[in-house]
2 protein chains.
Amino acid sequence: MIDPTINFGKNSVADFKVGVDNVIFSVDTQRNRLLILLVKRPHDPFANYYSLPGTLVCTGESLETAAYRTLSEKIEVENLYLEQLYTFGEPGRDPRENETSYEQRYLSVSYFALVRYEDTNLITKDNQKAVWHLLKETPQLAFDHNRILRYGYQRLRNKLEYSPIAFKVLPEAFTLNDLYQFYTTVLGENFSDYSNFRARLLKLGFLTDTGLKVSRGAGRPAALYRFDEDAFALLKDKPLVFI
Amino acid sequence: MIDPTINFGKNSVADFKVGVDNVIFSVDTQRNRLLILLVKRPHDPFANYYSLPGTLVCTGESLETAAYRTLSEKIEVENLYLEQLYTFGEPGRDPRENETSYEQRYLSVSYFALVRYEDTNLITKDNQKAVWHLLKETPQLAFDHNRILRYGYQRLRNKLEYSPIAFKVLPEAFTLNDLYQFYTTVLGENFSDYSNFRARLLKLGFLTDTGLKVSRGAGRPAALYRFDEDAFALLKDKPLVFI
DNA sequence: CCAAAAGTGTTACTTGTACACCCATGT
DNA sequence: ACATGGGTGTACAAGTAACACTTTTGG
């Protein structure tokens, strides 16, 4: 291990600030829209560009705590899933690196989050209000955030296929159609036939019928199911695909 | 974004050194052993403990470059696969954080590597020679490196199932038995029947028969195959499982 | 000729896919 | 009654797993 003594010559150990950038998705199941949370930057670098909500990691703070803090500064939300995504750290990825005379690096540890759209409350108090954007219409973002977002979207699609993250974000009781719409919104229309999706999920045995029904306008009322954590836990290590 | 001005009070932006720690695997196909590269630490913290080969990121250096540098300081190897694993950064994970009067944090970006065992040459020149250890007999490691190693092993097993990383590390021409032994060594004896493994791999169509044969003692000579990058590329986006 | 290693084939079974069809409700 | 959304069934293709069998070599 190289001696960590600080000096500013070539090939010396670099000093870093560590930022956490969050790729925060939500699914508006009513309108079948996949949304991403963005903030508008009030100052340089990249003033007036949109960016992913982020913050610099503070003393005594873990990376994950910083990720949760960023989240809670922008939105109030109870139900969410969060995990680390990737760490971006090439020299030059942040223009602030060249503003200072000494070599200061900026590293970004990105986090991926999925939050419940319905009970999400965007916080306005600071001058950096966060807003939901349609993922399809994402503008040019600050820094390398478009790249991070692409990476996050890929993770979202992969996770949906073999991980029960959707249930962290759906209401306690949901219809199989709600679930199907959720998957459709993220993965696109053609990911699977509804009846096959339905059969597959039910066969896995971790969705239990609550006995309740809900009627949405005309048509037969739909059965409400809930996700059974315990039944799901029994299936761990088995290769699961919900497709 | 919080103002990055440095101060040493509570809730101020932390200063980081960024380390890169490599989980480097190799498979000794001759003797069916899965190996992990470790170095013995010559000084505190954790003097005389084994640890993953690591280094601190230098000025002007990308994370991946630092990972490659660590690798090349310990072993000479041509054929390898490398990717980022995970970033560990809770306060207190490195005992050096408390040795200095100001709040200095140490963050570890871990990388996962798979290298060809046969043409690997361990470098002895510094006092920190790296050595191959049987993964099964991994000792107590410095820092949180046992955790990082577990995480890396999981990634290795997952990657083998759907990613052609084995071919980065097998010789140009290999028998299907070589490939099977490789998989067996990493995943355990019972991951699949040989004849089914063979049939599945051949059906995928990216292994081409070189026409050459190799005889190993008694028994029918085995056909030598090679991995066809182009044929494999055509299969991308298709859900592939080699199991 | 026989053991050893490589390679092929068979069979029973489980999943996947694409549909067609039946059911319960509001208007 | 009929349109609408919910839910079930089926038939064929495809994939999986276990295992028996044939082929080609060395001794």
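A, B, ... follow the sequence lines: proteins, then strands. Residue 1 opens every chain.
- Rounded to whole Å, the distance from CZ on A/F174 to P on D/dG6 is 15 Å.
- Atom CG of B/D209 and atom C1' of C/dG7 are 12 Å apart (whole Å).
- Separation of atoms CG (A/L204) and CG (A/D228) is listed at 12.5 Å; rounding is to 0.5 Å.
- Taking atom CZ of A/R216 as the reference point, atom P of D/dG7 lies 10 Å away to the nearest angstrom.
- Although no hydrogens or angles enter the test, the distance criterion places a donor-acceptor pair under 3.5 Å between the side chain of A/H145 and the main chain of A/L52.
- A close approach under 4.0 Å does occur between a side-chain nitrogen or oxygen of B/R198 and OP1 or OP2 of C/dT8.
- Between the side chain of B/N22 and the main chain of B/P53, no donor-acceptor pair closer than 3.5 Å is present.
- When atom types are taken as modelled, the side chain of A/D144 and the backbone of A/R147 share no donor-acceptor pair closer than 3.5 angstrom.
- Between A/Y86 and A/Y151, the ring planes are tilted. Angles from 30° to 60° get that label.
- Side-chain nitrogen and oxygen atoms of A/Y194 include at least one within less than 4.0 Å of the OP1 or OP2 phosphate oxygen of D/dG7.
- Between the C1' atom of C/dA6 and the CG atom of B/L224 lies a distance of 12 Å, rounded to the nearest Å.
- As judged by a 4.0 angstrom heavy-atom cut-off over every strand, A/A223 is placed among residues touching the sugar-phosphate backbone only.
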Kindly give the atom pairs (protein nitrogen or oxygen, nucleotide nitrogen or oxygen) under 3.5 Å for nucleotides 9-16 of chain C.
residue : atom : partner : partner atom : Å
C/dG9   : O6   : B/S195  : OG           : 3.1

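- We find that CD of B/E189 is positioned 17 Å from P of D/dA17, with the value rounded to whole Å.
- Just one residue in the list A/F174, A/F232, A/F242 forms a ring-ring contact (aromatic ring centres under 6.0 Å, His included) with A/F227, and that residue is A/F232.
- Protein atom CG of A/L179 is 12 Å distant from nucleotide atom P of D/dG7, rounded to whole Å.
- B/Y153 places no side-chain N or O within 3.5 Å of a backbone atom of B/F25 that could act as its donor or acceptor partner.
- Interatomic distance, OH of B/Y183 versus CG of B/L160, reported as 5.0 Å (0.5 Å rounding).
- A salt bridge is defined here as a Lys NZ or Arg NE, NH1 or NH2 lying under 4.0 Å from an Asp or Glu carboxylate O, and B/E73 with B/R69 meets this definition.
- For the pair B/L202 CG and D/dG15 P, the interatomic distance rounds to 15 Å; values are reported in whole Å.
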Which pairs, protein N/O on one side and nucleotides 25-27 of chain D N/O on the other, fall under 3.5 Å?
residue : atom : partner : partner atom : Å
D/dT25  : O2   : B/G219  : N            : 3.1

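- Note: CG (B/L176) to P (C/dA5) measures 17 Å, nearest angstrom.
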